[in-house]
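Okay, structure first, notes after.
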2 protein chains.
Amino acid sequence: MKEGPDIARLGSLIGDPARANMLTALMSGKALTASELALEASVTVQTASAHLGKLNAGGLLRQRKQGRHRYFALADEDVGHLLEGMMGLAARKGHMRTTTGPRDPAMRKARVCYNHLAGELAVHMFDGLVAKGHLLETGDELELTAGGRALMAGLGIDLEAIGSSRRPLCRACLDWSARRSHLAGSLGVALMERFCQLGWARREAGTRAVVFSARGEKEFLRTF
Amino acid sequence: MKEGPDIARLGSLIGDPARANMLTALMSGKALTASELALEASVTVQTASAHLGKLNAGGLLRQRKQGRHRYFALADEDVGHLLEGMMGLAARKGHMRTTTGPRDPAMRKARVCYNHLAGELAVHMFDGLVAKGHLLETGDELELTAGGRALMAGLGIDLEAIGSSRRPLCRACLDWSARRSHLAGSLGVALMERFCQLGWARREAGTRAVVFSARGEKEFLRTF
DNA sequence: ACAATACTTCGATTATGATCGAAGTATGAA
DNA sequence: TTCATACTTCGATCATAATCGAAGTATTGT
């Protein structure tokens, strides 16, 4: 008799293309309605509803009803983290969905990975922090140095506040488009928010791509 | 047009119960024959062969032919790591396969998680190392202290040799049975091997359970 | 109140993929 | 050489689950 976690169930939940597309869309970290997710998955709303019911029953989603609208989001960061991991392995194994579309350059450059910045700019930041000795890296282990803490303070990041959460401060997250690490963890999240507050970057509706202004990108590259 | 990694493909590869059972069996870190895997999955050899073909095409396996025998193993540590992560999330979400069989206590106590020790004893070791200040823990970040290095040297672990690999020295791995961390990384691997060398523990054929002798367990508990 | 919108549920359809018996190929032992 | 064993491949079967049209429920706007 087999015992232990049922990875087959989890795998099959993610293994349907429509459901995978919805989960991927929710990696934006935003909550989307059933109708929006149906569009993401290119299925009818009724089909999407059935799928969302399964993902919800499996604990992968959380939902909030707002009047006639039902908003769905990934259940928690653990789910996001697993999906990231799957994306990374899929990319490493060459499981890429077909086409390099017009959006692809934008996604490769900068996008949201659930709650932190990913893409070439994010990788640049990670590498820059490491190269300048602001971030100490031993494999997956990351620690912010005194210089790094000063840099963050200068950016307006309150390390005391974000360091108190259960989430690790710094975590390396493998960037599937660049095949190198970018910064996750509570610092990664805080930085994503901060870039938007500073007006360096903004989120576009309906996509995970993050758009940096010319000035914002210049400041970003100057900083990291 | 959707672009990016195809997590649906990966999910569906893992999402079949027979294939999931085989992957789980391969978490032992050993290479198994097609016939053995067929038994693990409770399917015929021909069915197993078809499944193994798919897993192989998906890059999740590596194989080695030895005379009439074809040995299959997980492709690499990345695959093991993802499967661990899925087990952890499945456990957290309550996706548990049914029964607590006679082997369950043994599996809960000590088992192999791809290449390092897991289970209650492994969690005890992790917690002991942290409590005694041998291991510094900040979230997922782990660092061996000088005291910890001395302890390992005393155990006969050559930290220079194992520290040079690409793999992190210390990595926390969530133990699905105990719901707490155990030690992975190259140190985790080396410790697993060392326990067997010392005669404290041994592997049993056909299972991931690790059997500690009475003396071995006493030594283990005294050490950690 | 009525119409529009956002879902959820039901039921029939059908494509898909797991399954195993049969057959074939490769290797090892007697 | 023959027989046994370890697979791989083929083809037919069939269970399953995704799918959407239809219908129903809930909310919002006019």
Side-chain angles (χ1 to χ4, degrees), chain A residues 2 6-26 30-73 95 97 205-206, chain B residues 2 6-26 30-73 95 97 205-206:
Chain A
K2 302 294 176 185
D6 187 2
I7 59 170
R9 183 174 172 200
L10 197 47
S12 66
L13 280 175
I14 298 164
D16 173 70
R19 288 201 288 275
N21 283 335
M22 288 191 268
L23 290 168
T24 300
L26 293 173
K30 293 185 174 180
L32 300 176
T33 63
S35 304
E36 287 168 329
L37 289 167
L39 284 175
E40 287 291 335
S42 303
V43 292
T44 62
V45 165
Q46 45 267 48
T47 300
S49 185
H51 284 308
L52 291 167
K54 291 182 189 217
L55 291 172
N56 197 54
L60 299 190
L61 302 182
R62 60 184 153 91
Q63 55 183 337
R64 195 180 72 239
K65 191 173 159 186
Q66 197 162 314
R68 75 176 74 171
H69 295 281
R70 190 173 293 267
Y71 286 93
F72 296 88
H95 303 180
R97 278 178 304 183
Chain B
K2 303 292 175 186
D6 187 3
I7 58 171
R9 184 175 171 197
L10 197 47
S12 64
L13 280 175
I14 298 165
D16 173 71
R19 288 201 290 273
N21 284 335
M22 288 191 269
L23 291 169
T24 301
L26 293 172
K30 293 186 175 180
L32 300 176
T33 63
S35 305
E36 288 169 327
L37 288 167
L39 284 175
E40 287 290 337
S42 304
V43 293
T44 62
V45 164
Q46 46 267 49
T47 300
S49 185
H51 284 310
L52 290 167
K54 291 182 188 215
L55 292 172
N56 196 56
L60 299 189
L61 302 181
R62 61 185 153 92
Q63 54 182 335
R64 193 180 73 240
K65 191 173 160 187
Q66 200 164 313
R68 74 174 75 170
H69 294 281
R70 189 172 294 264
Y71 286 91
F72 294 88
H95 303 180
R97 279 179 302 183

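Sequence lines set the chain letters: A, B, ... in the order given, protein chains first and strands last, and positions in each chain run from 1.
- Map A:Val43 and B:Glu36 each onto its nearest nucleotide of DNA chain D; the residue landing nearer the 5' end is B:Glu36.
- Distances were taken from every side-chain heavy atom of B:Thr44 (C-beta onward) to each of C:dC7, C:dC20, D:dC7; the shortest belongs to C:dC20.
- In this structure, B:His51 atom NE2 and D:dT9 atom P are separated by 15 Å, rounded to whole Å.
- A:Thr47 comes within 4.0 angstrom of a base, heavy atoms only.
- Taking atom CG on A:Leu52 and atom C1' on D:dT19, their separation rounds to 15 Å, with Å as the unit.
- Atom pair A:Gln63:CD and C:dT8:P shows a separation of 7 Å (rounding to whole Å applied).
- Computed from coordinates, the A:His69 NE2 to D:dT28 P distance equals 8 Å when rounded to whole Å.
- Residues A:Phe72 and A:Thr33 come closest through the heavy atom pair CD1-C, 4.5 Å.
- For B:Lys54, a side-chain nitrogen or oxygen approaches OP1 or OP2 of C:dA18 to under 4.0 Å.
- Under a 3.5 Å cut-off, the side chain of B:Thr24 and the backbone N or O of B:Ala20 do form a donor-acceptor pair.
- To the nearest angstrom, C1' of C:dC7 lies 15 Å from CG of A:Leu61.
- The side chain of A:Ser35 lies closest to C:dA6, out of C:dA6, C:dT8, D:dC7.
- Atom CG of B:Asn56 is separated from atom C1' of D:dT8 by 13 Å (rounded to the nearest Å).
- A:Lys65 has no side-chain polar atom (N or O) that falls below the 4.0 Å cut-off from OP1 or OP2 of C:dC7.
- For B:Arg19, a side-chain nitrogen or oxygen approaches OP1 or OP2 of C:dA18 to under 4.0 Å.
- Residue B:Gln46 contributes atom CD, which lies 11 Å from atom C1' of C:dA23 at whole-angstrom precision.
- Where A:Ser12 and A:Gln66 each meet DNA chain D at their nearest nucleotide, the meeting point lying more 5' is that of A:Ser12.
- Annotation for B:Leu23 and B:Ile14: closest pair CD1-CG1, 3.9 Å, computed over non-hydrogen atoms.
- Distance CG (B:Leu37) to P (D:dC7): 9 Å, rounded to an integer number of Å.
- OP1 and OP2 of C:dA6 both lie 4.0 Å or more from every side-chain N or O belonging to A:Thr33.
- The backbone N or O of A:Gly58 lies less than 3.5 Å from a partner atom in the side chain of B:His95, making a donor-acceptor pair.
- A distance-only check finds a donor-acceptor pair linking the side chain of B:Arg19 to the backbone of B:Ser12 [under 3.5 Å].
- Distances shown here put every side-chain N or O of B:Ser49 at or beyond 4.0 Å from the OP1 or OP2 atom of D:dT9.
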